[in-house]
Structures are given as C-alpha cells and as structure tokens.
Amino acid sequence: MSSTAPAPPRPPMAPPRSPMAAPRSFLWARRIFLTLLTGFVLLPVYVMVSSSLKPLQDVSGTFRWLPSGLTIRPYIDIWSTVPLADYFVNSVIVAGAATVCSVVIAVFAAYAVSRYRFRGKRVFTVTVLSTQMFPGILFLLPLFLIYVNIGNATGIALFGSRGGLILTYLTFSLPFSIWMLIGYFDSVPRDLDEAALVDGCGPLGALFRVVVPAAIPGIVAVAVYAFMTAWGEVLFASVMTNDTTRTLAVGLQGYATQTEVYWNQVMAASLVVSVPVVAGFLLLQRYLVAGLTAGAVK
C-alpha cells in the first residue's frame, strides 16, 4: 500500500490592497521627503550640540563634523562669563507672570463673549483679532513714551522694570489668547452651563466647575503660546530692560565682546535656555494639539 507525502503548506497570501489606498510611489516619496525634512531639522541641532562641546579654538576655526576633542567646560563657564542665573530668574518671572495674567484675563473675556450677548460684541471680537495684523515694532516707541511719562507723572517705574515688560507681553499674547479661547468655549455645549445653573451654581460657579475643566486643552494651548511668546522675545526686552532686569534672550549678547565671541558658550547657553521650552512642549503636546484644533470642526 503506497503512502502519499503531504503537500507543503502554502505561504499566506498578502491581503489585497484597498482601492482607496495610496499608490506605492506616493508612500516612498513621502518617506524620502520626511527623511530629508528630519535631517534638515536635526542638522542645526547637531551643529549646536557639537559646537557647545568643543574648545573655543576649535569652534573659531574651520568647522569639523566630527570634533577632535570634547569638553564640558563651556557649560561651566556660561554662568561666570555673564550673570546667566540672574537673566534666567528674570525670564522665569516675566514669562510666568505674563502667562498667568494672560490666561486669567482671557478666560473671563472669552467666556463673556462666548456665553453672553451684549452691545458691541462683534466690534470687540473684530478689534481683538485685528490687533494681530500690526507688527510689534510699531508699538515700541509708543509704549516707551507711555512708560516714561507714567514714571515721570506718578513715580511708578514701568520702564526698565519687570512689571513694565509683563504689561508689554500682555499686549501681544492677550488678543490671540482671547480669540483662541472664544472658539474653544463655543465648542463646549451650553447644556453643561444650564445643568450647572439648575444645580444651584452661579455664572462663576458654572465657569470654574464645568466650563474650565472641559476647556483644559484650550487653556493649556493658550498658556504655552503666552509663555513661548514672552520667553524668546528680543526686541522689547532689549529696550524695556536694564542691567538688573535683563532677560535671557537679551543676555546671550553678553558672550560677544569687542575682541572675541565665545561661540562655544553661546551654543551651550542656547541649549540651556531652550530646555524649559522644549520640556514643557513635550509634556503638554497632546493638550496643545487638542487646544489648537478645537472648534475647527463642529
């Protein structure tokens, strides 16, 4: 009786491509484009990191992609070459205060525009949004004159102080923050407010107990925007501050003297300055994306 060998198993068949799937040429083109874009973005970061770990004579000479020697001395010298710690404290205070004030004022203003009807509502929203059309340099001289005249008339030192710089940054971040939160509050159902009012909450209780928790992504997006605007601003900080209130964005100029530029320390200080912003962005990225896209589709 003869026995027949079992047939070898057939290899699994590849699932059929969906007719709506993108062609393979498009997928490969997208991969190549994203690879080139990633290299274009990471190349300056590599130059900055490698230059911050080189001695000054290596950075001042011909650039080498592979450093001959590495040192952490620039990260130690940045704190003594200029008072970087004082600049860091000033930036944290100014950016933090501007962020808190911008968020608090924007929440109340956006809630009033989103939930109530009043005369001049449309004019207010259009005016708030139209302020973003003008470049900031147009406000430099008027704000300078206003601060100086207020100081001469009342003795309140706004020019050269942290408080004056905080007010300056509010003029930039507050209009966009209000406009962004109006769109986000509009996407929060009004039934939540009505349910809170039925349960005995007043308007402020409905705002803080119902609307604000539902609008956390939008509020976080506003806070990140306000903080980044104040943290890296250079023009107004270079005019409205003095030696004691100078911020990091302006203090980095101290590494350039009349005879020499400490390029390795500039790169090291730039990385140190970028750490808080990058860390905060990575931690709050999902809230930021949700806040920026809220209200786009209803």
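Positions are given from 1 along the sequence. Hydrogens, waters and symmetry mates play no part in the numbers below; they use all other heavy atoms, side chains included.
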Strictly distance-based, threshold 3.5 Å: is any side-chain N or O of [X] a donor or acceptor partner for the main-chain N or O of [Y]?
X      : Y      : result
Thr154 : Gly151 : no
Glu233 : Phe236 : yes
Ser91  : Phe88  : no
Tyr147 : Gly164 : yes
Asn149 : Leu145 : yes
Lys54  : Thr71  : no

Is a side-chain donor-acceptor pair under 3.5 Å present for [Y] with [X]?
X      : Y      : answer
Asn242 : Thr245 : yes
Ser114 : Tyr184 : no
Asn264 : Ser52  : no
Asn90  : Arg162 : yes
Ser102 : Ser177 : yes

Joint hydrophobic cluster, Leu170 plus Ile137, side-chain heavy atoms closer than 4.5 Å: yes
Cluster check Leu207, Val104: I/L/V/M/F/W/Y, side chain < 4.5 angstrom: yes
A side-chain contact here means heavy atoms from C-beta on lying under 4.5 Å apart; do [X] and [Y] qualify?
X      : Y      : answer
Thr247 : Leu165 : yes
Pro55  : Arg73  : no
Val47  : Pro44  : no
Leu84  : Trp79  : yes
Val261 : Tyr255 : no
Ile219 : Val103 : yes
Val188 : Arg115 : yes
Leu53  : Met267 : no

Mutual orientation of the aromatic rings belonging to Trp231 and Phe227 [parallel < 30°, tilted 30-60°, perpendicular > 60°]: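 Because their plane-to-plane angle is under 30°, the rings of Trp231 and Phe227 count as parallel.
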Parallel, tilted or perpendicular: rings of Tyr225 and Phe176 (30°, 60°): tilted
Shortest non-hydrogen contact from Ile166 toward Ile93: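 So the two residues come closest at CD1-O, 4.4 Å.
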Spatial distance of atom OG1 (Thr168) from atom CG (Leu235) [nearest 0.5 Å]: 10.5 Å
Side chain to side chain contact (heavy atoms under 4.5 Å, CB included) assessment of Phe139 paired with Thr171: CA-CA 9 Å; Phe139 302 98; Thr171 61; over 6 Å; no
